[in-house]
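Working notes for the structure below.
Lettering of chains follows the sequences in order, A, B, ..., and the numbering in each one begins at 1. Everything numeric in this text was worked out from a predicted model, so none of it was measured. Worth knowing before you read on, the calculation uses all heavy atoms, side chains too, and leaves out hydrogens, waters and symmetry mates.
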Protein chains: 2
Amino acid sequence: MAARKPQMDEAKASIPAAGKAPSVSRASEPVQTLAETVAARIREQVISGRLTPGSHLSEQTLSEELQVSRNTLREVFRMLTKEGLLRYEANRGVFVSTPSMSTIIDIYRVRRFIECPALAHAHPRHPGVSRMRAAVEEARRCREAKDWLGVGSADIAFHAAIVELADSPRMSSFYAQIALELRLVFGLLQDPEFLHGPFIDQNFEIVTELEAGRAVAASELLEAYLLRAERFILGAYARVTAET
Amino acid sequence: MAARKPQMDEAKASIPAAGKAPSVSRASEPVQTLAETVAARIREQVISGRLTPGSHLSEQTLSEELQVSRNTLREVFRMLTKEGLLRYEANRGVFVSTPSMSTIIDIYRVRRFIECPALAHAHPRHPGVSRMRAAVEEARRCREAKDWLGVGSADIAFHAAIVELADSPRMSSFYAQIALELRLVFGLLQDPEFLHGPFIDQNFEIVTELEAGRAVAASELLEAYLLRAERFILGAYARVTAET
DNA sequence: ACTGTCCATAGTGTTGAACAATTTTTATAT
DNA sequence: ATATAAAAATTGTTCAACACTATGGACAGT
């Protein structure tokens, strides 16, 4: 019964002198580790929708495809798991997270909980304000160019700037995670123009109100915005999942 | 199914000293991976103060000490880094995070930002309320027994229960991280009786108010509590760092 | 003495192979 | 068909090796 026998190797007779193809020479900027580089790449693939939620990421396949060892890849998986983009199942491997309705609901609950007070108590001259303004303009530029992925990024950046008004590094990094999950949801939905188009101008109004010193009014606009967006996204989500 | 011969390691009799018997023990379902087990162990060491902030964790030394491979240890480090307990420095390794004054200030800013609204909008019959009550009683028990580490845990549990009133899994898990960092701070300070003693009774008052349906009053109590606690901790921190 | 270069050392970053443990698939027997 | 056992794939973990980076000391020039 002991049967179980390895058949795998045999080819391993090769000499260990294998060329290692050292990391590409990107001699610029702060030394990013290989794992971080790969993580960024996979993250981008997930966000852009090339890696669809629910799909299984095989360690062997991916390590060959990305030219990194399994060990390094596992470090990458750990990172992305903590970020919420991937999900581990014991002895089964990692999968791209699949946001559910309750995920969306929770995300928007958090957003209202954090963004609205942050905005309401903001000082009109806070450096975050100019970042909000910049994000709105960036969104418009992307809309012109029909770069909807860019519009999504700018929208996220806008709201991240709102959170920065609270002057709390921890809150900002928490929000960054939430935003990542939200991007996952975006990727799941189709018709990005329909998805983002209407909200750019509302962002514009919000930052305008804030710059005029009417923080509370801006906060109320934001709350209405978030409630609408939530219903909107939930609707689109239901439509997509119904199709399958 | 799969009734296989349970022949485990016997060939690797290299250094069986610590003998940890990986998966044998809890044959239940949660199937904790080795890395998680080790992470829990280090986490506990950091919280209890046996691993002092700022100290360097050598991969080689620790992997020998804990009887795990460097690769596994690195996975552990990644987890604890995301939790905020450890800090990476490129090519220099991991260190136990050293909370600074601004860390404490940020933690308490976040706590007020999250806990107070959560409490103010809470329903008096929410399941979280009974958890708050239970935590207060646990804290009192530990105080009797002079188990100050336990008092700290109960205090954290009390406030985690407050956050659960908001019914948001993401918020709760975020708060869990913050609480971990706070424990790090606690470990840095001495005289835990002086540290926790006065706050147990304030927790009691808060939950009592809430149970009576006066959520807003409870929230105001909480805010005052948090402001006091922040000053208190900052003072103790300054005293400790001044000594060095 | 003072300072800057060079080198040995030690520690992290990454790899590839190996094996154990578990899940999934296939083949076989009832 | 259906249950069950063997085979194949995959993940979990370890090990040994080497490249790369940081640190500290020896050594030469001023």
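Residues that satisfy the salt bridge (charged side-chain N to carboxylate O under 4.0 Å, His left out) test with A:Arg87, not counting sequence neighbours, are A:Glu89. With sequence neighbours excluded, the residues satisfying side-chain hydrogen bond (donor to acceptor under 3.5 Å, both in side chains) with A:Arg78 are B:Glu75. Remark: B:Glu138 pairs with B:Arg141 by the salt bridge (charged side-chain N to carboxylate O under 4.0 Å, His left out) rule, at least two apart or across chains. For A:Ser102, the side chain to side chain contact (heavy atoms under 4.5 Å, CB included) partners are A:Ser100, not counting sequence neighbours. B:Asp167 meets the salt bridge (charged side-chain N to carboxylate O under 4.0 Å, His left out) test with no other residue; sequence neighbours excluded.
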With 3.5 Å as the limit, what N/O pairs link the protein to nucleotides 9-11 of chain C?
none

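Rounded to whole angstrom, the span from the CD atom of A:Glu64 across to the P atom of C:dG16 amounts to 10 Å. Rounded to whole Å, the distance from CG on A:Leu66 to P on C:dG16 is 13 Å. Atom C1' of nucleotide D:dC15 and atom CZ of A:Arg70 are separated by 14 Å, given to the nearest angstrom. Atom CG of A:Leu34 and atom P of D:dC20 are 12 Å apart (whole Å). Here the P atom of nucleotide D:dT10 and the OH atom of A:Tyr88 are 16 Å apart, to the nearest Å.
A donor atom on one side chain and an acceptor atom on the other are not found under 3.5 Å apart for B:Glu164 and B:Tyr175.
Applying the salt bridge (Lys or Arg N to Asp or Glu O under 4.0 Å) test to every pair with at least one member in residues 146-162 of chain B, sequence neighbours left out, gives no pairs at all. Evaluation of the ring pair (Phe, Tyr, Trp, His ring centres under 6.0 Å) test over residues 51-89 of chain A, restricted to residues two or more places apart or in two chains, returns A:His56-A:Phe95.
Of the residues in residues 71-80 of chain A, those with a non-hydrogen atom less than 4.0 angstrom from any atom of DNA chain C are A:Asn71, A:Thr72.
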